[in-house]
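Please read the structure below before turning to the comments.
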Amino acid sequence: MTTFKSTHPTARKKIVIKLGGSTLEGLTKAFYSNFKDLQQKGFDIIITHGGGPAINKELEKQHISSTVLNGIRVTSEEAIEVVKTTLIGKVNPGLVSELNQAGIKAIGLNGFDGLLLESEFLDLNTYGFVGKVKNVNTQLIETLCDNGIVPVIACVGATTDGQALNINGDTVASEVALALNAASLLLVTDVSGIRIEGEYQKEATPSLIDQWIQEGYIYGGMIPKVQGALQVMNSGLSSVQIVDERLIGTAILSE
Ligand SMILES: Nc1ncnc2c1ncn2[C@@H]1O[C@H](COP(=O)(O)OP(=O)(O)O)[C@@H](O)[C@H]1O
Ligand SMILES: CC(=O)N[C@@H](CCC(=O)OP(=O)(O)O)C(=O)O
């Protein structure tokens, strides 16, 4: 038998890591060194991030109110400007700078760059300026990865006519993982996975997750995480994990 092993860089496996806004303030050099280890093991790393707490702070400062429905921020015309400037102007460069200081070659991107996250309105009447991803420019991500660069993607979508749309960070992470056919998706947050009646769950299945949402055990910011996880599991991705900064958490398994 003859086995051919591809040495082309695009054959490298990809891991999409979403850093929740809830974690961004406290990430250490030790945490970032995990990324270097993964790179050395031959994985390409793609980072996506949120920034809910930073957006909340800025909205408050500007006396703009917003509500959250099913874990998604209902985003007014005024609020989308704050979301855009906070994520692209503050959170993204801050994270890129920390990664670069930790010795990881990182480049900041958002939905506008190369139309990376081509988006359309999710439901203008219900959610306002919130987007859903229509297309991910995977070629751009591949090119950066092939050159050893970690793309760091802010969750701001762009319409083809230049309108910014707010997209939940977990949703962007899932869409990017799906589009890249990633080997794994890690959602890093401020809790060690899904907690049910005080107990962190090591594993979860789609039917358990449905049940926990129905029963109200999963709410708020955990909803887009598990919904994104289920979406990618349905499309055949082998692993999704909801973890804290120690990378300890719940692995979501297909049934
Ligand atoms: N069943 C659950 N288990 C753990 N956390 C949950 C659960 N249901 C809701 N949550 C909430 O989800 C939060 C994480 O989501 P979120 O605040 O959006 O974080 P991030 O900014 O990391 O995306 C937790 O801090 C917790 O308050
Ligand atoms: C539409 C929507 O909900 N957008 C989110 C985007 C930021 C985000 O997802 O931040 P976390 O990762 O910290 O939750 C928001 O406005 O808060």
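For ligands, and for the atoms within them, numbers begin at 1 and follow the listed sequence. Since the structure is predicted, the reported quantities are computational estimates derived from the model, not experimental observations. In this chain, residues are counted from 1 in sequence order.
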Measure the spacing between CG of D44 and CD1 of I15 and express it to the nearest 0.5 Å. 9.5 Å

Between atom CD1 of I252 and atom CG of L208, what is the distance when rounded to the nearest 0.5 Å? 10.5 Å

Determine whether a donor-acceptor pair (N or O, by modelled atom type, separation under 3.5 Å) exists between the side chain of [X] and the backbone of [Y].
X	Y	result
N34	F31	yes
Q201	E199	yes
N147	T143	yes

For [X], does the [atom1] atom sit with more than 12 other heavy atoms under 6.0 Å from it, leaving out its own atoms?
X	atom1	result
E98	CD	yes
E215	CD	yes
Q62	CD	yes

Which protein N or O atoms sit under 3.5 Å from any N or O of ligand 1? Give atom names and distances.
unit_1, atom_1, unit_2, atom_2, d
ligand 1, 1 (N), R195, O, 2.9
ligand 1, 1 (N), Y217, O, 2.7
ligand 1, 3 (N), R195, N, 2.8
ligand 1, 8 (N), Y219, N, 3.2
ligand 1, 19 (O), T189, OG1, 3.2
ligand 1, 21 (O), G21, N, 3.3
ligand 1, 21 (O), S22, N, 3.1
ligand 1, 21 (O), S22, OG, 3.4
ligand 1, 22 (O), S22, OG, 2.7
ligand 1, 22 (O), T189, OG1, 2.7
ligand 1, 23 (O), K18, NZ, 3.0
ligand 1, 23 (O), K225, NZ, 2.5
ligand 1, 25 (O), D190, OD1, 2.8
ligand 1, 25 (O), D190, OD2, 3.2

Give the protein residues with at least one non-hydrogen atom closer than 4.0 Å to an atom of ligand 2, ordered by chain and number. K18, G20, G21, G50, G51, G52, P53, I55, G71, I72, R73, C155, N166, I167, N168, G169

Is the shortest side-chain heavy-atom distance between L99 and L95 below 4.5 Å? yes

